[in-house]
Amino acid sequence: MVRLISVLMVATLLVGCGTTVSEQKEIIPESEKTMKQVYDEHGLATSSKENITGRMVISRPATAYEMSADAYRVNQVKNRPQFRKLPNPTLYIYFAPTLSKDGRMPIPAWMTEFQMYDRDEYALSGEINLGERQ
């Protein structure tokens, strides 16, 4: 049984790896150009295209209509994604009135506020339940 499997594996390898030189030439045809020539020609083609398109574009400010265009309506997107802000509670800290250590001068009470996280984060659509936060 082991001998039969090994014979089949060797036969499969020999058949799979056997290609003739003519078959290889059909698969990958030879070219008269070198890689450097192909690269140089491609670079010239793109730079000339950029120059043509750069000259053809008219520079002007966008109109009010263009600025107010709704991208979802223009592209006919039915379901607009809902990116909701994740909760970032405001924390308050109160400093009671005290006396300074050096001159025994009164320091008045004061209060400040800051956000719990450094920046606001947004949830992907579907990450927050509809019942949660407006």
Quick check: closest heavy atoms across F95 and T112, and the distance to 0.1 Å? CE1-CG2, 4.3 Å
For a quick test of reading the model, state the closest non-hydrogen atom pair linking Q37 to E32 and the distance between them. OE1-O, 4.2 Å
Distance check, rounded to the nearest 0.5 Å: I107 atom CD1 versus L99 atom CG?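 CG of L99 is found 8.0 Å from CD1 of I107.
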Working to the nearest 0.5 Å, report the span between OG1 of T98 and CZ of R104.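 If we round to the nearest 0.5 Å, T98:OG1 and R104:CZ are 10.0 Å apart.
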Is the [atom1] atom of [X] crowded by more than 12 outside heavy atoms at less than 6.0 Å?
X	atom1	value
D118	CG	no
M35	CE	no
Y65	OH	no
Y117	OH	no

Are Y92 and W110 connected, step by step, through hydrophobic side chains (Ile, Leu, Val, Met, Phe, Trp, Tyr) whose heavy atoms are closer than 4.5 Å?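 No, it is not one cluster - the side chains of Y92 and W110 are not joined through contacts under 4.5 Å.
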If you group Ile, Leu, Val, Met, Phe, Trp and Tyr by side-chain heavy-atom gaps below 4.5 Å, do M116 and F114 land in one group?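 Yes, because M116 and F114 connect within a single hydrophobic cluster, where side-chain heavy atoms sit under 4.5 Å apart.
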Q115 side chain to N88 backbone, donor-acceptor under 3.5 Å: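 Yes, Q115 side chain to N88 backbone: donor-acceptor pair under 3.5 Å.
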